[in-house]
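This one's a predicted model, so the numbers in the text were calculated from it and none came from an experiment. Here is how names work: the chains are called A, B, and so on, in the same order as the sequence lines, proteins then strands, and each is numbered from 1.
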Amino acid sequence: MAGPGDVLPRTFYAGDVELVAEHLLQKVVVHEAVGRPACAGRIIEVEVYKGSEDPASHAFGGRTARNATMFGPPGHLYVYFTYGMHFCANVVCGTEGEARAVLLRALRPMTGVPVMWAARRAARTERDLCSGPAKLCQSLGIDHRHDGADLVTGDRGVTIRDDGVRPPSPAGAGPRIGISAGTDLPWRRWVPGERYCSRPVP
DNA sequence: ACCGGGATGTTCT
DNA sequence: GAACATCCCGGTG
């Protein structure tokens with residue numbers, strides 16, 4: 001295998017979405033695109049979205065063409081387009097039909113950093129590369145073509161791997177960012193002490 | 001450091 | 001027509 005560590009199995013994603021979110025911290029997102037070096041970053045900040053019962057979730061109100069991937073089986077990438085110019089990536093969790101997902105909010109760049117710089121001209125510091133859900137997609141080259149990608153088989157080059165770094169215990173927890181409903185829920189999770197989070201943490 | 005406005009287009013009411 | 005799981009840039013302190 002080309003990336004660091006072992007690709008996470010399907011069963012990893014099938015559990016309770018809050019636990020999966022905490023266990024995703026310190027795992028490694030790898031994008032191996034044809035014709036360019038692989039790039040990878042360590043997950044340091046995520047958010048939980050709980051499908052039809054969560055007023056902040058795209059799945060609130062039921063299935064549509066856009067959110068269809070969320071309602072599918074776990075271990076796939078749900079990529080959506082927003083604000084006319086940005087892509088954001090979620091990991092589908094739980095069981096098929098629940099529409100639960102974990103939004104990737106920040107990574108610490110690991111490998112292929114020059115590729116990330118080339119993909120994100122606006123970045124001024126290394127922190128700027130992946131310190132936000134749309135920034136990390138731009139740096140890693142993740143877009144609408146990756147919606148529905150299988151993270152276990154790596155059918156579109158994207159996988160998530162365990163290289164032996166343990167998740168924090170306890171993880172940081174606080175309200176989600178950029179939403180107007182469900183702001184009372186502490187469903188943003190991060191690696192305490194990380195400087196590359198999307199926003200300063202409490 | 002913090003704040004405000006504009007970019008840009010898909011999705012849903 | 002409004003909202004949007006965002007980001008960037010230029011202002012001010």
Side-chain angles (χ1 to χ4, degrees), chain A residues 13 17-18 20-22 24-25 27 29 41 43-72 74 76-94 98-109 116-149 151 158 160 171-191 194-202:
Chain A
Y13 301 102
V17 64
E18 287 197 63
V20 176
E22 296 199 356
L24 277 170
L25 293 173
K27 298 298 187 290
V29 179
I43 301 171
I44 60 174
E45 183 189 348
V46 298
E47 277 174 4
V48 169
Y49 286 88
K50 287 200 185 175
S52 308
E53 64 191 68
D54 175 4
S57 170
H58 289 168
F60 188 69
R63 181 177 183 137
T64 65
R66 171 163 91 150
N67 65 24
T69 300
M70 280 186 89
F71 286 86
H76 292 251
L77 210 56
Y78 164 52
V79 180
Y80 67 89
F81 181 70
T82 192
Y83 288 103
M85 64 190 93
H86 297 304
F87 295 98
C88 298
N90 296 252
V91 176
V92 178
C93 299
E98 286 185 327
R100 301 205 158 146
V102 174
L103 172 68
L104 303 177
R105 281 204 62 92
L107 309 178
R108 169 179 284 279
M116 298 187 196
W117 279 107
R120 253 186 72 66
R121 295 251 345 227
R124 299 177 59 83
T125 67
E126 186 168 293
R127 194 196 110 92
D128 293 332
L129 290 174
C130 298
S131 57
K135 295 178 187 177
L136 70 89
C137 282
Q138 192 178 5
S139 286
L140 266 60
I142 292 172
D143 60 29
H144 61 100
R145 297 172 310 213
H146 296 92
D147 182 39
L151 297 168
V158 181
I160 302 182
R176 294 175 290 181
I177 305 288
I179 56 172
S180 52
T183 53
D184 53 320
L185 301 164
W187 286 349
R188 179 190 185 203
R189 301 290 159 90
W190 62 86
V191 177
E194 252 304 330
R195 309 193 329 259
Y196 281 28
C197 284
S198 64
R199 304 223 191 151
V201 294

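- For DNA chain C, each stem of at least three Watson-Crick or G-U pairs (distances under 3.5 Å) is given as range with range: B:1-7 with C:6-12, B:9-12 with C:1-4.
- A side chain to side chain donor-acceptor pair (under 3.5 Å) check over residues 76-88 of chain A, counting only residues at least two apart or in different chains, returns the pairs A:His58-A:Tyr78.
- Remark: A:Ala171 engages A:Glu22, A:Leu25, A:Pro168 in a side-chain contact (heavy atoms from CB on, under 4.5 Å) (not counting sequence neighbours).
- Looking at residues two or more places apart in sequence or on another chain, you find a side-chain hydrogen bond (donor to acceptor under 3.5 Å, both in side chains) between A:Lys50 and A:Glu18.
- Contacts of A:Thr125 classified as side-chain hydrogen bond (donor to acceptor under 3.5 Å, both in side chains), with partners at least two apart in sequence or in another chain: A:Asp128.
- Residues from residues 44-59 of chain A placing a heavy atom under 4.0 Å of any atom in DNA chain C, listed by number, are A:Tyr49, A:Ala56, A:His58.
- For A:Arg145, the side-chain hydrogen bond (donor to acceptor under 3.5 Å, both in side chains) criterion is met by A:Asp143, not counting sequence neighbours.
- Listed by chain and number, the residues in a side-chain hydrogen bond (donor to acceptor under 3.5 Å, both in side chains) with A:Arg105 are A:Glu45, A:Ser198 (sequence neighbours excluded).
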Measure all distances between protein nitrogen or oxygen atoms and nitrogen or oxygen atoms of nucleotides 1-8 of chain B, and list the pairs falling under 3.5 Å.
{"unit_1": "B:dT8", "atom_1": "O2", "unit_2": "A:Tyr83", "atom_2": "O", "d": "2.2"}

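- First and last contacting nucleotides of DNA chain C toward chain A (any atom under 4.0 angstrom from a heavy atom, 5' to 3' order): C:dC4 to C:dC8.
- Residues from residues 125-144 of chain A with heavy atoms under 4.0 angstrom of DNA chain B: there are none.
- Residues from residues 100-107 of chain A that place a heavy atom under 4.0 Å from any atom of DNA chain C, listed by number: A:Leu103, A:Arg105.
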